[in-house]
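Each remark here refers to the structure printed beneath this line.
Order of the sequence lines fixes the chain letters, A, B, ..., with proteins taken first and strands second; residue numbering starts at 1 for each chain.
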Amino acid sequence: MRHQIRSLLGTMVAPEALVPDGELECWRTGQGQQGLPAAVLAPSTEEELARVLARASEEGWRVLPAGLGRWLEGGGPSDVSVVVSTRRMQEVHEYEPANLTFTAGAGLSFSGLRKTTEPHGQWLPLDPPGGLVGSLGAAVALGIGGPLRHLYGTPRDHVLGLTLVAGDGRILRWGGRVVKNVAGFDVTRLSVGSWGSLGVVTSISARLFPIPEAEVTLIIQGGKVSVLLPLARAMALSSLPLAAVELLDPLELKGSGLAEVGAEPAGPGLVLRLLGSHAQVEEMEARVRSDLSHEVGSLQRLEGETSRAFHETLNGWEEGADLVARLCLLPSELGTLLDEAEEVRDLVSKASSPPGAGMRLSAHVGAGVLRVAVPKLPEGDGGLDPWVSSLRSLRARLEERGGSLTLSSGPSALLREVGAWGAAGEEKALMAGLKAEFDPQGILAPGRLGL
Amino acid sequence: MVSSAGEPQILLHPRSRVVNILPSAVLQELILAVGSEWVISDPDRLLVYEADAQTAQKLAPQAVVLPSDTEEVSRVARVLHRHGVPIVPRGAGTGLSGGALAIEGGVVVGTSRMNRILEVDPENRRAVVQCGVLNTDLSAAAAPFGLHYAPDPSSQTACTIGGNVAENSGGPHCLKYGVTSRYITGLRVVLPDGETVWLGGQAREAPSFDLVGLFVGSEGCFGLATEVEVALVPVPEATRTLLAIFETLGDATRAVTSIISVGLLPAALEIVDQNTIKAVEASIFAAGYPTDAGAALVVEFDGIDAGLELEAEEAARCCEVAGARGVRRAESEEERLALWKGRKKAFGAMGRLAPDLLVQDATVPRSRLTEVLARISEVAERYDIQVANVFHAGDGNLHPNIVFDRRDPDETRRVEDASKEIMRICVDAGGTITGEHGVGADKRKYMPLVFSPQELEVLRGVRGVFDPEGLCNPGKVVPELEGGR
Ligand SMILES: Cc1cc2nc3c(=O)[nH]c(=O)nc-3n(C[C@H](O)[C@H](O)[C@H](O)COP(=O)(O)OP(=O)(O)OC[C@H]3O[C@@H](n4cnc5c(N)ncnc54)[C@H](O)[C@@H]3O)c2cc1C
Ligand SMILES: Cc1cc2nc3c(=O)[nH]c(=O)nc-3n(C[C@H](O)[C@H](O)[C@H](O)COP(=O)(O)OP(=O)(O)OC[C@H]3O[C@@H](n4cnc5c(N)ncnc54)[C@H](O)[C@@H]3O)c2cc1C
């Protein structure tokens, strides 16, 4: 079967589009033999990709869309026949600085885009996990933002249009490069965050912003997370246009150089990022400081390039963890999320010494999102059992309150038992209908989002 | 047609589904669903619902129902679905694309009674409102908390949040803040078959498609949004407002392009051209704009006070370099309102220029504004028609409105042809056929300019997921296939 797929594909695409056997290991979607795809394709044109998907639909192959392949195990499925990567679609098709928009291939990395737009003083203010090396297409397909969402929003707020090659190979173009567009239903937004289950995003148009003139980061420390929480909430609700309000525990970050600036890496920290003109940043900083004056143990300040570099390391926050979970409630319920995370800490304690070692928390304070990373899960029979039941009941409690728990990454066995996704609830039937409309044979990323 | 029981029957038009008479059984069931007081079937009273603010097309519905909550909407939808009668949502009827018209017959469901603010939650900067709440009423309810609802269509004192959701409306300040879809986080929707679903929700990001994003802008074709969860933002602490006067429209658009490309991000950049200025100054709304000017540009910055002054100065410089004859600064809130007046009252004043007004709405890349407007003016000259431009310049969202007299068939034909050409010009420049008013009934014919037949088929399919029977606001947005569907 594997061989058959490979030789069939070989007749359909240019030889350069077929990733050599020796490199397949880099495109694993899960553990064991099943986690190794039979073929990985990197087409250079939409037409080439369309042919492959049309054939895959006929044959019923399971296909996983991919960008540069750095985070393929997140969200499942762990067993596919074919991975299609946008790696060879990295061209900037159009960049018009005066319009503050660009159109580029989905495989272009954030750093690649930056090289193009930075000389013109413009940027795309998105900072998804994984950092600048990830592709635009992946961030758009996952709909994921990072700390900057506090001021700038997530990909849904930036993408103006995209090309989607649907599951059966139809090449569909939605939206455009104008900043306001209500012609037809908003399939662009439907595609953003559809996790590759409707189609492969091959090109993206998005709006850019002027790079702020000045940048300052303030790091506030002193006491436990519970002490910093009210402060964090107050900052997120202040009328100042802060670019990011993040709560981290511990603050420690590899290569961030925090200790050198006097921060206490082992303790929790509240991170505020200030962006704007010199006058604005100065004013924001003065007002933050006066709001804080009585309440903090210590305050560190980073500026300009140092500040920017710090946020880039912040982005690699969960690298290497065995399990990353994402807990969501309303922002005002962040305290509840932190309490819930303590239960996870108890589990970590039972499995590690010293108790609780290595668990990390990071919250987008304004959005009510808490990410929990567990570096090491117990191995061997039965070790995961308490995790399975704890995570299930945690999810039930969050869903009960209108929230959600998703497992961003974790061991296949755990993901299988708990499920990466929670219930789509009332939306399930509509979602299934839409999936069938774009991917009638259901070949793309089967199982994702519960579909 | 009269059945043996003496009941009038639904008359189905062979192609489109035109319902000529509503069977009295249906009317009875609607009365049971919402109470007789809230079902309108008297032809005189139905005339109120025969058009929206784009009055070119007029057609009264068979009946109008005014439910008070989700439950009643659901009951009404069930009745109509069971009888195969089209259902047409309607907010305040300020739409400019004929969206709320029952053009294939059927029953209009008006949301005017669903005007309750259900929750204002400053701790989470959100509110939940019924769909019939007026845009400005929502901001007023948030004001005590220092918050407001950002999207501000010029019709905001009259239009409903439900209508804004359905059209994905914009407004002058959407340049900085973004349009409606950025602010809608959850929706309670009554689907065309009467089922109720909750989509999205601020507390529940992720494990689903962005169905809220898809619903916003669906122009009443996916069901009726009965409750809307919105994100609120802080009221800006300070503003700076400029009014720049130019000899020509081209100078004004060059100033806009230059303001954007030097890296300024104003809250609003709005232009009115000479024809519009003349109309405003001749009306009761006279704002003191010089009538010999080629164009006037309103520039506004907002946010924290620090730095605003410098930004305003830099924008003023851009205007001067582009050839502004003068730049006025608002020194007080009254002066600010005065500077805005000529822009805000433009639509109202234009109505007085001639019996009919064709409001157009297209978007082009901001870098192409000057060139596109020059071509539009050339078209106007060639067809001998009068175009008055008033537009969201910073977003590239044009409203080249045409004033004319429908009673003059020759002029009407020229207006038709010219507007088609204008659409084509905008699309060729990399733009699109509507930036904020929606496709509705009247721009369906332009959809093939921006979508391939295959993409149109997908749009029909997407609609079918919400409305398999095609009963919800039929005849809108997606053009029909040859032979009808
Ligand atoms: C350490 C780390 C942690 C991360 N944590 C999270 C997280 O918690 N949540 C989260 O959402 N993301 C997470 N990501 C993903 C990240 O945000 C970027 O999206 C990713 O790193 C981009 O890299 P890539 O181009 O190699 O994408 P890939 O690894 O190639 O793809 C990432 C995902 O996006 C899909 N995808 C990629 N391109 C396309 C496309 N063109 N069309 C359709 N689907 C596509 C793939 O199916 C896959 O699921 C993480 C990444 C890293 C490295
Ligand atoms: C003077 C003037 C200025 C304007 N300025 C602007 C502007 O600056 N920006 C802008 O974008 N628009 C503007 N408009 C257009 C119009 O005001 C907007 O489109 C507005 O959102 C329509 O709201 P409404 O409540 O009047 O909706 P209606 O006109 O009643 O309906 C519009 C559409 O929405 C659907 N609909 C209504 N309520 C619901 C619901 N609850 N659920 C599902 N579908 C529903 C209807 O079926 C219809 O398709 C202007 C109009 C006028 C007259």
Side-chain angles (χ1 to χ4, degrees), chain A residues 96-101 121 143 153 156-157 170 172-173 176-187 189-190 192-194 209-210 237 239-241 276-277 279-280 282-284 326 328-332 367-369 401-404 406 421-422 424 426-427 430-431 433-434 437 449-450, chain B residues 123-124 146 167-168 170 178-179 181-182 197-199 201-211 213-214 216-218 234 237 257 260-261 263 265 303-304 306-307 310 363-367 395-397 430-436 438-439 447 450-451 454-455 458-459 461-462 465-466 477:
Chain A
E96 220 180 330
N99 194 39
L100 273 96
T101 60
R156 86 190 284 276
D157 304 309
R170 282 169 294 170
L172 308 167
R173 297 180 208 283
R177 58 198 175 94
V178 287
V179 295
K180 273 169 88 182
N181 186 348
V182 295
F185 307 127
D186 201 343
V187 181
R189 280 218 166 60
L190 172 65
V192 175
S194 63
F209 288 77
L237 287 175
S239 61
L240 299 177
S277 66
Q280 283 163 346
E282 200 174 298
E283 163 83 4
M284 284 195 275
R326 200 176 166 87
C328 304
L329 281 178
L330 284 174
S332 62
V369 176
R401 304 176 73 126
S404 66
T406 41
W421 309 96
E426 299 174 5
E427 298 176 315
L430 292 171
M431 286 171 61
L434 291 164
E437 195 54 43
L449 298 160
Chain B
E123 282 293 295
N124 293 300
E167 301 289 10
N168 193 11
V179 296
S181 62
R182 174 147 193 191
V197 290
W198 173 258
L199 308 181
Q202 225 179 64
R204 209 181 130 257
E205 78 158 24
S208 55
F209 293 153
D210 186 0
L211 297 183
L214 178 62
V216 173
S218 62
E237 292 177 5
T257 307
I260 290 176
S261 46
L265 188 61
I304 56 171
L310 285 173
T363 316
V364 298
R366 302 173 266 204
S367 44
D395 286 322
N397 187 184
T432 192
I433 58 170
T434 169
E436 59 178 18
V439 175
M447 287 286 277
V450 282
F451 291 106
Q454 200 170 42
E455 287 150 4
V458 173
L459 291 179
V462 167
V465 170
F466 289 82
V477 185

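Of the atoms belonging to B:V462, heavy atoms from both backbone and side chain fall under 4.5 Å from chain A. Of the atoms belonging to B:V197, heavy atoms from both backbone and side chain fall under 4.5 Å from chain A. Contacts of A:Q280 with chain B are made by both backbone and side-chain atoms, with heavy-atom separations under 4.5 Å. Both the backbone and the side chain of B:E436 come within contact range of chain A, with heavy atoms under 4.5 Å apart. At a 4.5 Å heavy-atom cutoff, the contact between B:D395 and chain A is made by backbone and side-chain atoms alike. With a threshold of 4.5 angstrom between heavy atoms, A:D157 approaches chain B through side-chain atoms but not through N, CA, C or O.
Side chain of B:Q454 to backbone of A:L172: no donor-acceptor contact under 3.5 angstrom is found. Judged by distance alone, the side chain of A:E426 and the main-chain N or O of B:W198 form a donor-acceptor pair under 3.5 Å. Between the side chain of B:R182 and the backbone N or O of A:R156, no donor-acceptor pair lies under 3.5 Å. Remark: side-chain polar atoms of A:N99 are paired, donor with acceptor, to backbone N or O of B:R366 under 3.5 angstrom.
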- Message: Set out, in order, the CA-CA distance, both residues' side-chain angles and the distance that settles side chain to side chain contact (heavy atoms under 4.5 Å, CB included) for B:T363 and A:N181, then state yes or no.
- Response: CA-CA 7 Å; B:T363 316; A:N181 186 348; 5.7 Å; no
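Note that CG of B:L211 is 7.0 Å distant from CG of A:L190, once rounded to the nearest 0.5 Å. One distance of note links CZ of B:F209 with CG of A:L434; it measures 6.5 Å at 0.5 Å rounding. Note that the CG atom of B:L265 and the CZ atom of A:F209 stand 6.5 Å from one another [nearest 0.5 Å].
Shortest non-hydrogen contact noted between B:I304 and A:L240 is CG2-CD2, 3.9 Å. Pairing each heavy atom of B:T257 with each of A:A98, the nearest pair is CG2-CB, 4.2 Å.
Interface check for chain B: of the options A:R189, A:K180, A:R177, A:R401, the most heavy-atom pairs under 4.5 Å are formed by A:K180. Ranked by heavy-atom pairs shorter than 4.5 Å toward chain A, the options B:G263, B:P365, B:S218 are led by B:P365. Annotation: maximal heavy-atom pairing with chain A below 4.5 Å, among B:G213, B:G438, B:G435, B:S261, occurs at B:G435. Put simply, of B:V364, B:V450, B:D210, the one with the most heavy-atom pairs under 4.5 Å next to chain A is B:D210. If you tally non-hydrogen atom pairs under 4.5 Å between each of B:G307, B:A306, B:P234 and chain A, the highest count goes to B:A306. Chain B forms the most heavy-atom pairs under 4.5 Å with one residue out of A:G422, A:P331, A:A279, and that residue is A:P331. No other option in A:G153, A:G143, A:A183, A:G433 has as many heavy-atom pairs under 4.5 Å with chain B as A:A183. Between chain A and the residues B:S181, B:S367, B:G430, the most heavy-atom pairs under 4.5 angstrom are made by B:S367. Chain A forms the most heavy-atom pairs under 4.5 Å with one residue out of B:L310, B:V465, B:N168, and that residue is B:V465. Looking only at heavy-atom pairs under 4.5 Å with chain B, the residue among A:M431, A:E96, A:E283 that has the most is A:M431.
Counting heavy atoms from C-beta on, the side chains of A:V178 and B:N397 never come closer than 4.5 Å. Contact check for A:D186 versus B:V216: no side-chain heavy atoms found under the 4.5 Å cut-off.
Between the side chains of B:N124 and A:S332, at least one donor N or O sits under 3.5 Å from an acceptor N or O.
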